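Since we're looking at a predicted model, the values are computed, not measured. So you know, we letter chains A, B, ... as the sequences are listed, proteins then strands, and number each from 1. The basis for the numbers below is simple: all heavy atoms, side chains too, and nothing from hydrogens, waters or symmetry mates.
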Number of protein chains: 2
Amino acid sequence: MARQPVPASQLSDRAQLLLKALVQRYIEDGQPVGSRTLAKNTGMDLSPATIRNVMSDLEELGFLRAPHTSAGRVPTVRGYRFFVDTLMQVRPLENAAVQSMERELRGAHSTHGLVQSASTLLSGLSHMAGIVMIPRRDSVTLRQIEFLPLSERRVLAIIVVNEREVQNRILHVSRDYTRTELTEAANYLNRLFAGHDLQQVRAQLLAELQAAELEANDLLQRVAEMAEQALSPEARELPDDFVLAGQTNLMGFSELADVQRLRGLFEAFTHKRDLLGLFDQCLRADGVQIYIGDESGYEVLDECSVIAAPYGCPGQTLGVLGIIGPTRMAYERVVPLVDVTAKLLSAALNSQA
Amino acid sequence: MARQPVPASQLSDRAQLLLKALVQRYIEDGQPVGSRTLAKNTGMDLSPATIRNVMSDLEELGFLRAPHTSAGRVPTVRGYRFFVDTLMQVRPLENAAVQSMERELRGAHSTHGLVQSASTLLSGLSHMAGIVMIPRRDSVTLRQIEFLPLSERRVLAIIVVNEREVQNRILHVSRDYTRTELTEAANYLNRLFAGHDLQQVRAQLLAELQAAELEANDLLQRVAEMAEQALSPEARELPDDFVLAGQTNLMGFSELADVQRLRGLFEAFTHKRDLLGLFDQCLRADGVQIYIGDESGYEVLDECSVIAAPYGCPGQTLGVLGIIGPTRMAYERVVPLVDVTAKLLSAALNSQA
DNA sequence: GTTTGGCACTCTACGGCCCTGAGTGCCAAT
DNA sequence: ATTGGCACTCAGGGCCGTAGAGTGCCAAAC
């Protein structure tokens, strides 16, 4: 999306103030705002006629548009954009709210529970849809690995990573191994590689195998065959995924009340691909990202805004979380909410590890 | 739900034939059906006036109703009920379709993949929402159990059941055990109980513990402490759950087009509780169950019908699958679809085990 | 030259009105 | 018992007029 910044210089102070008042007003009650209303509403002592002139300018510049000749004006995407970039002042959440969020997150035990809670918090507090990408840790530390024989040349690999998470994988091997053989192999891996990064382990192992190729080291062969499968990157990572909460909240907004539009949106929720693409962009960003209306580049989100923020440990982004709602949303409240949630989730994940 | 059967004797053959024609016609194009249409449509050589009389009778008996004075008639829940119970003749699926379904299911490897495929099949072929409860096996055969030490008095239990499924569980124990101690405990359990039902194992173990209480058998103590947690029924079973596909299909039906109604429905999908209650009833039933409109007893389903069937091995029901759609659906096509899917899924699960 | 009041204009939303088409209910004739 | 005829009812669509809200423009005022 070409999102060229709007030079504030184009707009007089007065125009900016009026734009701000209009956007706030429109966000509040969803009706197009007319000059009369605005004249009363803002502190400024101006007649409706004057305001009409200013509004006319703002429309010409693309910040406002009129649904029809004799309605008031509503903000365009550009108008919202200028509002969130320059005009709005976010009000930080009250302490009490933050604390109750913290409590909620503390209640979760597993990583998945944490993600679930965060998502519920986002949707509950915003009355829109909350979304949290499953954290994907780039560096996965091997803590322990075990192999158990199953029947028919299948081996069950159990991999404990990051102190808490357990992954199972069924390997198909070239012959049946005995229990002792498997234990040996596991011991070998645990002895040498416990505490190392999973990808490193794999690379190092392959290197070693190359070196020892000539010597027919049976143990190493065995280890290699299984580790190859057990640690392969495709298998390693859970499929990209996210947890969604409060989708149905979106059915309450009149601007999304069209069943066709909703259908598109919900299909995007179930197919996930598009949304993941969008959220991926935020992985490489810093702080709260805002996509207003068609800025996201996905047609189903044309009438929606997405507020997202990455979370993770200081050095490393683990995922992205955010909110989806109609373009007309209370940005001033939602932005800090997303911000705080990201920080709290980060903290919770770190203390957990 | 009080669903008293309707004695066919109440209705003359002619009335039944007309009712059948009307329901079929209405299912086809969704418009209230008038006497004129029906006169032309059915083979019978009757004038519209005569048909009007019959329709009037049918309305009085509660099988039909008129949306307003001068519209045609539409079936009531009772009308649909009589139709599915007595009038309709299901047409079995074509062989080609069944085969392609089989192929689709064969493509799935894990149990979960199978469930997912079944659900997708149901929704894809019916153009409505497909739903499959996660199979819950009452008798879970222990194949192998292993314990691995984690830090801080936590032990990871790995339980392989039913030849294929692996369950992990983190146990909190009274002291740190050494690796050898844990292996001993696991060996003990595997030696004595591999191949037994999980619940039996637990009961037997408790009995043995009682018997040996006086002898301070350290090994047995150890085993008991862990098995108690690892095999506890609450922990054992995955939470009741189901997989849903094609929810968004429901957004295409004009009779459900009201956003409020849809919202209720989708909330039921995410909270799951109500739907699980309904499907639980089918667990104890045999063959295809049909709930029309408010027969389900859940208000959100008032405008919907649910076609469900249990699946599982011959002796044992593992779960329920089905379809959710508007009351006005092609029962003649959907009933065999659900029936066949249940049979295919059962077969697939059995061949897998 | 910015601001303002005044005025004509435009557009939507809403209610009433009429007409048409579809279908019914009833009655008298077959 | 069945039928044709006829009066009646009702939803939906088009049309009109009105009320309300808001605009754009212009000429006067500050």
What pairs of donor and acceptor atoms, side-chain ones from residues 51-67 of chain B against any protein atom, are under 3.5 angstrom apart with sequence neighbours left out?
unit_1 : atom_1 : unit_2 : atom_2 : d
R52(B) : NH1    : S35(B) : OG     : 3.3
E59(B) : OE1    : R73(B) : NE     : 2.7
E59(B) : OE1    : R73(B) : NH2    : 2.8

Using atom types as modelled, flag every donor-acceptor pair under 3.5 Å from a side chain in residues 120-129 of chain B to any protein atom, sequence neighbours excluded.
unit_1  : atom_1 : unit_2  : atom_2 : d
T120(B) : OG1    : Q116(B) : O      : 2.8
S123(B) : OG     : T120(B) : O      : 3.3
S126(B) : OG     : L122(B) : O      : 2.7
S126(B) : OG     : M128(B) : N      : 3.1

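Under the 4.5 Å side-chain criterion, counting only non-hydrogen atoms from C-beta, R14(A) is in contact with L46(A). With a 4.5 Å cut-off on side-chain heavy atoms, M88(B) and V335(B) count as touching. Side-chain contact between M251(B) and F266(A): present, with at least one pair of heavy atoms (C-beta onward) separated by less than 4.5 Å.
For residues 37-52 of chain B, proximity to DNA chain D is found at D45(B), L46(B), S47(B), A49(B), T50(B), R52(B), defined as any non-hydrogen atom under 4.0 angstrom from a strand atom. Within residues 19-31 of chain B, no residue is approached by DNA chain C to less than 4.0 Å at the level of any non-hydrogen atom.
For the salt bridge (charged side-chain N to carboxylate O under 4.0 Å, His left out) condition, the pairs that include at least one residue of residues 29-41 of chain A, sequence neighbours left out, are R25(A)-D29(A). Among residue pairs with one or both ends in residues 11-61 of chain A, none qualify as ring-ring contact (aromatic ring centres under 6.0 Å, His included); sequence neighbours excluded. Sorted by first then second residue, the salt bridge (charged side-chain N to carboxylate O under 4.0 Å, His left out) pairs that include residues 250-259 of chain A, not counting sequence neighbours, are E255(A)-R328(A).
For Q281(A), the side-chain contact (heavy atoms from CB on, under 4.5 Å) test picks out L278(A), Y291(A), with sequence neighbours left out. Shown here are the ring-ring contact (aromatic ring centres under 6.0 Å, His included) partners of Y80(B), two or more places apart in sequence or in another chain: Y331(B).
Of the possible donor and acceptor atoms, none in the side chain of T86(A) sits under 3.5 Å from a partner among the backbone N and O of F83(A). Judged by distance alone, with hydrogens and angles left aside, the side-chain atoms of S119(B) form a donor-acceptor pair with the main-chain N or O of A245(B) at under 3.5 Å. No donor-acceptor pair closer than 3.5 Å links the side chain of R261(B) to the backbone N or O of L256(B). With hydrogens and angles ignored, the 3.5 Å screen pairs no side-chain donor or acceptor of S305(A) with any backbone N or O of G325(A).
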Query raised in the report: What's the verdict on side chain to side chain contact (heavy atoms under 4.5 Å, CB included) for T327(A) and D302(A), showing C-alpha distance, side-chain angles and the deciding distance?
Result: CA-CA 8 Å; T327(A) 342; D302(A) 268 8; over 6 Å; no

Report summary line: Going 5' to 3' through nucleotides 12-20 of chain C and flagging B where a protein heavy-atom sits under 4.0 Å of the base, S where only the sugar-phosphate is that close, and - otherwise, we get S--------

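Axis angle, first five pairs versus last five pairs of the helix from dG1(C)-dC30(D) to dT30(C)-dA1(D): 20°, rounded to 10°.
R14(A) has its CZ atom 9 Å from the P atom of dT2(C), to the nearest Å.
In the 5' to 3' direction, nucleotides of DNA chain D lying under 4.0 Å from heavy atoms of chain B begin and end at dT2(D) to dA11(D).
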